Amino acid sequence: MLEAIRESSDFLAPMLEGRAHDVGMILGTGLGGVRDAMEARRVIPYAEIPRFPVSTVPGHAGRLVIGEFGGRPLVAMQGRFHFYEGYSMREVTFPVRVMRALGVRTLIVSNAAGGVNPTFHSGDLMVITDHINLFPEHPLRGANLEALGTRFPGMADAYSPRLVALAADAAARLGIPLRRGVYAGLQGPSFETPAEYRWIRVIGGDAVGMSTVPEVIVARHAGMECFGISVITNSAADADASHEAVQEAGRRAQSRVTALVREVVSRL
Ligand code: HPA
């Protein structure tokens with residue numbers, strides 16, 4: 001694993017051209033606009049990066065984008081690896097390890113999520129204040145590599161309160177309504193049954209999705225500061241979960257998420 005991380009980061013490091021890139025982003029639902037808004041210096045297909053996971057979905061090839069956004073040098077993942085696609089947890093979280101090796105200290109992620117808080121509606125934005133890990137496998141299972149982080153990492157403040165406050169402030173100034181809440185992460189790929197949505201609400205979730213939790217756990221293990229934002233694309237109460245609805249709500253949220261994250265990044 002250490003060898004693989006080193007091979008990937010040795011390949012990418014020269015592309016940073018000697019400048020510190022301390023912000024990393026996973027451009028999930030809602031953050032696609034960052035790719036258009038950022039000044040990209042280098043765009044590297046994942047397939048060209050040694051030891052990176054290989055995309056199994058044709059036409060779905062991801063890229064690493066190195067450039068600037070909100071006045072900050074940035075490493076961005078355009079396309080993530082989901083557990084439901086069949087990747088191992090090691091593969092899902094490998095890019096986070098590589099980002100850390102490249103010097104990234106702050107990880108910003110976005111996702112699509114179903115709202116289980118009854119006051120949430122499709123199109124809402126939710127800053128993640130905490131998560132509940134419901135994935136069937138833990139990304140840190142197995143021998144711990146002390147060089148990467150401690151055996152038993154704490155998960156209090158997994159989502160930086162400082163960045164949550166920054167986002168709340170930025171949203172108020174931009175006039176963007178912003179919810180806050182707990183993200184429950186499950187493996188998918190089926191959406192939840194009504195009984196499962198009720199269960200997630202009962203155990204303390206505000207939103208539910210199929211990503212983010214593994215990446216944030218690994219980022220925290222590596223000592224990174226994390227910030228996450230969910231686009232509420234459907235609501236449990238409306239029973240309107242579908243891939244099309246998720247994509248449509250994601251598109252509609254894009255300009256708001258991009259503006260908000262630009263503001264957060266520029267004030268880090
Ligand atoms: N459940 C799980 N993942 C999701 C949902 C949902 O309702 N909406 C978008 N991603």
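Whatever order the structure lists them in is the order used to number ligands and atoms, beginning at 1. Computed from a predicted model, the values in this text were never measured in an experiment. FYI, the numbering just counts along the sequence from 1.
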Just jot down the ligand 1 atoms closer than 4.0 angstrom to any heavy atom of [X], in number order.
X      : answer
Asn234 : 5 (C), 6 (C), 7 (O), 8 (N), 9 (C)
Thr233 : 8 (N), 9 (C)
Tyr197 : 1 (N), 6 (C), 7 (O)
Val208 : 1 (N), 2 (C), 3 (N), 4 (C), 5 (C), 6 (C)
Val246 : 8 (N), 9 (C)
Met210 : 2 (C), 3 (N)
Phe191 : 1 (N), 4 (C), 5 (C), 6 (C), 7 (O), 8 (N)

Do side-chain atoms of Thr258 reach the backbone of Ser255 as a donor and acceptor pair under 3.5 angstrom?
-> no
Give the residue, atom name and distance (to 0.1 Å) of the protein heavy atom nearest atom 2 (C) of ligand 1.
-> Glu192 OE1, 3.3 Å
Heavy atom of the protein closest to atom 10 (N) of ligand 1 (residue, atom name, distance) | Ala112 O, 3.4 Å
Pair Asn234-Ser122, side-chain donor/acceptor within less than 3.5 Å | no
Determine whether more than 12 heavy atoms belonging to other residues, nucleotides or ligands lie under 6.0 Å from atom [atom1] of [X].
X      : atom1 : answer
Arg42  : CZ    : no
Arg141 : CZ    : no
Arg201 : CZ    : yes
Glu39  : CD    : no

Ring centroid separation for His82 and Tyr87, is it under 6.0 angstrom?
-> no
Gly209 to ligand 1, any heavy atom closer than 4.0 Å | yes
Between Glu225 and Arg162, does a salt bridge (charged side-chain N to carboxylate O under 4.0 Å, His left out) hold up when you go through it step by step?
-> CA-CA 9 Å; Glu225 187 174 27; Arg162 176 178 89 91; 3.1 Å; yes
Is the shortest N/O to N/O distance between Gly114 and ligand 1 below 3.5 Å?
-> yes
